[in-house]
Trainee: 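For reference, the structure I am asking about is given below.
Computed over heavy atoms, backbone and side chain alike; hydrogens, waters and symmetry mates excluded. Source: prediction; values computed, not measured.
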Amino acid sequence: MSSLRTRLLLWLLGAVLLTGIAGAAFLYRQALAEADIVFDQQLQETAHALRDRSFLQPAPEFGEREAAADLVVQVWSLTGVRVYLSQRHASLPGLTTLGFSTVRTPEGEWRVYGLRTPFNVIQVAQPMRVRESRAAHLAARVLLPLLLLMPALGMVIWISVGRVLAPLRKLAQQVGSRPAVESAPLRERGLPAEVRPLVTSLNDLLGRLSSQRERERRVIADAAHELRTPLTALRLQLRGLDQAGEQERRAAIEALESGVGRASRLVEQMLALARQDAPESEAGSEFRRPLVLAELARQVIGELYAAAEAKQVDLGLDDAASEAVLVGEPEALKTLLRNLLDNAIRHSPQGGRVDVSVRSAGSTIELVVLDQGSGIPEAERGRVFDRFYRAPDAPPGGSGLGLAIVRSIAEAHAATVTLAGGDDGRGLKVIVRFAARKGSN
């Protein structure tokens, strides 16, 4: 039973039904008790009305009220002889105690009230079956309005539940009729307080989906723009390779290999940036674990060692690197390190040096990459984090995405990236500050 309306109706109607049954039972018992009191008073009043009457005369005829109530009056002398009987019955109670009592006879139980006067004893009796029948009739008349109101109350509940749930139906229709590309927020005005958190969450989801769609559009547009030039160059180089002579063919093949490498690197960088831009990559909290940043740095240095050696760049990790632990996603942090070290190697001169260090500073861990290249002017340092931006004096072969990827990964790990000049005024120093794992040294 998944319908909220059905469940709500069943609960409310069930509660009303159970309450009605309990109330009816209580009212019925109360009505019976009240009827008993009224009938007892009738017996008592009848006896007191007859105490001054002389019963030496022939038996008087009682009015319709006593006969209709099936009352029987018996008068006994003080010596125990019955001197008067108002109605004949097959079996009547005999002389009983004074006051109220219930007497069992072959004809059934009787309710009896006895009153003693100076001359005789007056007994007024009523069959219990008559009393119970009359009491039940009176109780049923009391319950009749309640029984008639129950269906009306159920109808009111049915209509009320429908009206209360109407905003949910309208909201479902509003969401169902929206185009797939529509990302405008849903209206919250006029909605019940209980529904607003749901609409707020839906609007938040629509906002995130819109941002994600915008990021995808931007990536596609950037890819189309940035890949157009290298692909055009490759096409021209292929044509030139066809027309090249034997001596020129080798140079053309090398240029073609270089162009393919640049295009391949650009695609890899763009895919890496797209992964970091995806909301679920905020850096994949389910993949995060405690790790030693210095150990990741050693692994990436090993991967790039051949590229550094080819350019005769001395690439290494400080021997005093801290083994402090942080919590992060290993693959994303490797991508961050790979981009920083690749940039440093490419910007370093032939025979230069790239130093990598990991330091603990209180509650933070600092990753420092220092190269001996031409550096970045201070006025340009804010712009180099923009996608596809390349400084005017940057070496060829870059895509302008490396530092954008670094910043995206750092932000996903709540880290900061700072650019500064080298200690001797040469090169570029990149400092990435992470929060250390609590309890790590």
Trainee: Is it true that a side-chain atom of T335 and a backbone atom of E331 form a donor plus acceptor pair closer than 3.5 Å?
Mentor: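 Yes, T335 side chain to E331 backbone: donor-acceptor pair under 3.5 Å.
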Trainee: State the CG-CG distance between L337 and L367, to the nearest 0.5 angstrom.
Mentor: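 Rounded to the nearest 0.5 Å, the CG-CG separation comes out at 5.5 Å.
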Trainee: When you check the side-chain N and O atoms of D204 and S201, is any donor under 3.5 Å from an acceptor?
Mentor: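 The answer is no; no qualifying pair exists.
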Trainee: Tell me, yes or no, whether the heavy-atom count around F100 atom CZ, taken from other residues, nucleotides or ligands under 6.0 Å, exceeds 12.
Mentor: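 Yes, CZ of F100 has more than 12 neighbouring heavy atoms, counting only those of other groups under 6.0 Å.
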Trainee: Which heavy-atom pair separates R116 from L78 by the least distance, and what is that distance?
Mentor: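 That closest heavy-atom pairing would be NE-CD2, 4.0 Å.
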Trainee: Please check: side-chain N/O of H413 versus main-chain N/O of V327, any donor-acceptor pairing under 3.5 Å?
Mentor: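 Pair absent, no side-chain N/O of H413 close to backbone of V327.
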Trainee: Within the side chain of D318, is there an N or O that forms a donor-acceptor pair under 3.5 Å with the backbone of V356?
Mentor: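 No, the answer is negative, given that no donor and acceptor are paired below the 3.5 Å cut-off.
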Trainee: Is any side-chain heavy atom of V75 closer than 4.5 Å to one of V121?
Mentor: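 They are not in side-chain contact.
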Trainee: Between the side chains of E323 and R298, is the shortest nitrogen-to-carboxylate-oxygen separation below 4.0 Å, so that they form an ion pair?
Mentor: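 Salt bridge between R298 and E323, a charged N being under 4.0 Å from a carboxylate O: yes.
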Trainee: Does either side chain, that of R111 or that of T102, offer a donor lying less than 3.5 Å from an acceptor on the other one?
Mentor: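 Yes, because at least one side-chain N or O of R111 sits under 3.5 Å from a partner of the opposite role on T102.
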Trainee: Looking at side-chain heavy atoms only, is the closest gap between N120 and T117 below 4.5 Å?
Mentor: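 Contact flag for N120/T117 side chains = yes.
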Trainee: If you compare all heavy atoms of L71 against all heavy atoms of Q126, which two are closest, and at what distance to 0.1 Å?
Mentor: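 For L71 and Q126, the tightest heavy-atom pair comes out as CD2-CB, 3.8 Å.
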Trainee: Is there side-chain contact between L98 and L115, with at least one heavy-atom pair below 4.5 Å?
Mentor: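 No - every pair of side-chain heavy atoms lies 4.5 Å or more apart.
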Trainee: In the structure I gave you, are the side-chain heavy atoms of T46 and Y113 within less than 4.5 Å of one another anywhere?
Mentor: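 T46 vs Y113: side chains apart.
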